[in-house]
Amino acid sequence: MPREKFYITTAIDYVNAYPHLGHLYEKVCADIIARWNRLIGRDVFFLTGTDENAAKNEKAAREAGLEVKDFIDRNAKRFQELCRAFNISNDDFIRTTEERHRKVSQLIFKKMFENGDIYKGSYSGLYCYGCEEYKTEKDLVDGKCPEHGTEPEYIEEECYFFRLSKYEKQVLELIEQNQFIIPEKRKQEMIARIKSEGLRDLAVSRSRVGWGVEVPFDPKHKIYVWVDALVNYISALGYPDGEKYKKYWPADVHLIGKGINWFHSVIWPAILLSCGIPLPKHILVHGYITIGGEKLSKSKGTAIDPFKLLEKYEVDAVRYFLARDIPFFEDGDFSEKALVERVNGELVGNIGNFIHRTLTLIWNLYNGEVPEPHDYENDRDCMRLLESIKMLPNTMREKFENYEIDKALKEVADFSIQCNRFLQAKEPWKTKDPNALFLCVNAVRTLAITLRPYLPSSSEKIWKMLNLDGLPEDYGWDSAGELAIKPGHRISKPEIVFKKI
RNA sequence: AGCGGGGUGGGCUAGCCAGGUCUAUGCCGCAGGGCUCAUAACCCUGAGAUCGGUCGUUCAAAUCGACCCCCCGCUACCA
């Protein structure tokens, strides 16, 4: 029987600057979801990448004193390094300047045109030559561009439009009648917006930009960045006849930040409908990371560099904090103080400490050999812990199915507290209680598996310390609920897994 | 400005929809004590909130209604 497939994407990032904490957060969340799906046995394809065709890049490159291509390559590399540095398990990394993407981007545009959904029109507005951008009233200060101090000029130019209006009914139906957008709050926002203002046709080409993908039948126009960017989700799979496309499309989850919900929930489905391509299953909208309650902002200096964090903290410490402290569907605040407190208090103090004390107890009291239990069925405390071991993967599965990755992780933390309490009650350092140690060592195994999506390398360390064969994924998620470590099994010499900061 | 969500001890948060048992929950942090196998876990005690404000409904409101203040999100045709 073929395995169920699971295709997850992140948004692709603009390369006009280096990655910040927000970029990392989205990748970590996607990684956790991807890894969890692998653990439950799905055939996962996890995509991330960079959006490199924006006109903004031209400007940013100029300011950096580099050729556009060099500038983009440099920054894109940085995003790839980010993935490696933080143990992100993406299966591919798409760059929209790659040929495999450009040709699909053009193909999609052509298809939309052939289906009668692209027509020529004109766009007009206030244009600032300095910025090479159209401006709105609110962009201006005293009628002038705040950056260049010049008055923008009213101009009109020819461009192509996408008949977005044609898909209003279908898109609204898609959103209203399905769990297409998660969470509900974001769904309601989109419904409200469609109902109040409807869908207007969208200008999908630009003729004033030098950097971008040419409209295939009219190369002086460039394809509008958003249309181009969205296409990455299928171009990376080799649309229209790549094996991966056939296998993995439609996407199960497009993970995005709340700021780009409209593009993913409305424009993207309309494009796909126009081309007759199946629609993705879910648009999953996470919250933002804030610093002192404020949005990350370069100008305010709050755009934290993830690489800087690694100079002080371990990868898994950062991952733990992001997954645990930021409520997945809402904004959450980042501070080093909060990170240190969370890691020291919970990851080290509860989870790490429990692991360490049970393993050293077995090491010291039983020379590293798991003792033979007897009649623990008659012990209330033992049966309660056993029940929790069995239940943990189930309760976490429920959370994961609702993408509540922060709440799922809290279950692990709560479990470790219970384990510590159990150990305290049994006092095996006095009693050598074999039942307690037998159950606890199995609880450690439960932790190794349930932490696997969040803290892949720490999980592996625990696994090795338990001296188990293979890796957690060889046994699968549900195995976390089993007493798979048998009496007589020898563990390795205990070492500290989570260090105090 | 329109629509939507929210304001609970230092921080986050439960409770509100189905009003009384809320003299308001849990976690973190803080003060003190117990215990000590362990990277001080676990247990106990304590300080700290009149539940944004005002008015009302009611025998009774954090919980219902009105108005006000503040915060946030989406939108304001962001090329």
Side-chain angles (χ1 to χ4, degrees), chain A residues 54-56 123-128 131-140 152 155-157 159 183-209 212 222 224-226 258-259 261-262 265 285 287-288 290 292-295 324-327 329-333 335 337-338 340-365 406 410 413-414 416-433 436-437 440 494-501:
Chain A
K56 280 180 193 170
Y123 185 90
S124 60
L126 295 167
Y127 188 86
C128 171
C131 302
E132 298 176 353
E133 273 179 5
Y134 281 91
K135 297 287 174 186
T136 57
E137 292 297 333
K138 73 153 192 184
D139 290 331
L140 305 176
I155 60 166
E156 189 164 348
E157 67 173 302
C159 73
E184 188 67 21
K185 182 181 173 183
R186 302 293 163 203
K187 169 178 175 173
Q188 293 309 333
E189 280 172 6
M190 291 302 109
I191 292 173
R193 180 166 168 193
I194 295 171
K195 284 189 171 169
S196 73
E197 57 192 74
L199 297 193
R200 264 176 291 251
D201 290 353
L202 183 72
V204 289
S205 78
R206 307 288 125 97
S207 61
R208 289 181 176 275
V209 299
K222 299 286 191 293
Y224 172 47
V225 282
W226 265 106
K258 58 188 181 180
N261 192 193
W262 179 256
S265 294
V285 189
Y288 283 153
T290 57
E294 305 221 356
K295 259 190 235 178
R324 175 74 174 90
D325 254 54
I326 313 295
F329 292 115
E330 280 156 71
D331 291 355
D333 212 54
S335 71
K337 181 170 179 278
V340 171
E341 273 174 9
R342 179 63 78 186
V343 169
N344 282 347
E346 198 168 272
L347 183 61
V348 178
N350 291 143
I351 299 175
N353 194 220
F354 169 70
I355 293 168
H356 196 243
R357 58 201 298 219
T358 61
L359 296 188
T360 49
L361 283 168
I362 290 177
W363 188 258
N364 293 332
L365 298 172
D406 53 321
K410 185 176 187 305
D414 289 346
S416 78
I417 290 173
Q418 193 199 339
C419 290
N420 272 315
R421 255 179 216 147
F422 173 79
L423 209 49
Q424 191 62 32
K426 292 299 179 196
E427 300 185 308
W429 50 92
K430 287 182 187 163
T431 62
K432 291 186 73 171
D433 187 340
L437 291 174
C440 282
E495 278 166 34
I496 283 172
V497 190
F498 303 112
K499 286 190 198 71
K500 218 162 204 188
I501 300 172

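Numbers restart at 1 for each chain; the letters A, B, ... are given by sequence-line order, proteins then strands. Below, each value reflects all heavy atoms present in this structure, side chains not excepted, and no hydrogens, waters or symmetry copies.
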Starting from P on B:C27, measure out to CG on A:L347 and report it in whole angstrom.
19 Å
From the options B:A38, B:C42, B:G73, select the nucleotide whose nearest atom is closest to the side chain of A:N420.
B:C42
Taking CH2 from A:W262 and C1' from B:C77, how many angstroms apart are they, rounded to a whole number?
11 Å
Are A:T360 and A:N364 linked by a side-chain donor-acceptor pair shorter than 3.5 Å?
no
Output the single nucleotide from B:U75, B:C77, B:C42 whose closest atom is nearest the side chain of A:R193.
B:U75
Ionic contact status for A:K410 with A:D414, cut-off 4.0 Å:
yes
Output a table of nitrogen or oxygen pairs between the protein and nucleotides 31-36 of chain B separated by less than 3.5 Å.
none

Looking only at the side chain of A:R186 (C-beta and beyond, no hydrogens), which of the listed nucleotides B:G73, B:A41, B:U39 gets closest?
B:G73
Within a radius of less than 6.0 Å around CD of A:E427, do more than 12 heavy atoms belonging to other residues, nucleotides or ligands occur?
yes
Of the residues in residues 355-365 of chain A, which ones touch RNA chain B at a heavy-atom distance under 4.0 Å?
A:H356, A:R357, A:L361
If you measure from the P atom in B:C72 to the same atom in B:U21, how many Å do you get, rounded?
35 Å
Between A:E341 and A:K337, does any NZ, NE, NH1 or NH2 come within less than 4.0 Å of an OD or OE carboxylate oxygen?
yes
Across all chains, not counting sequence neighbours, the side-chain hydrogen bond (donor to acceptor under 3.5 Å, both in side chains) partners of A:E330 are none
Pick the C1' atom in B:A60 and in B:A76, then give their distance to the nearest Å.
46 Å
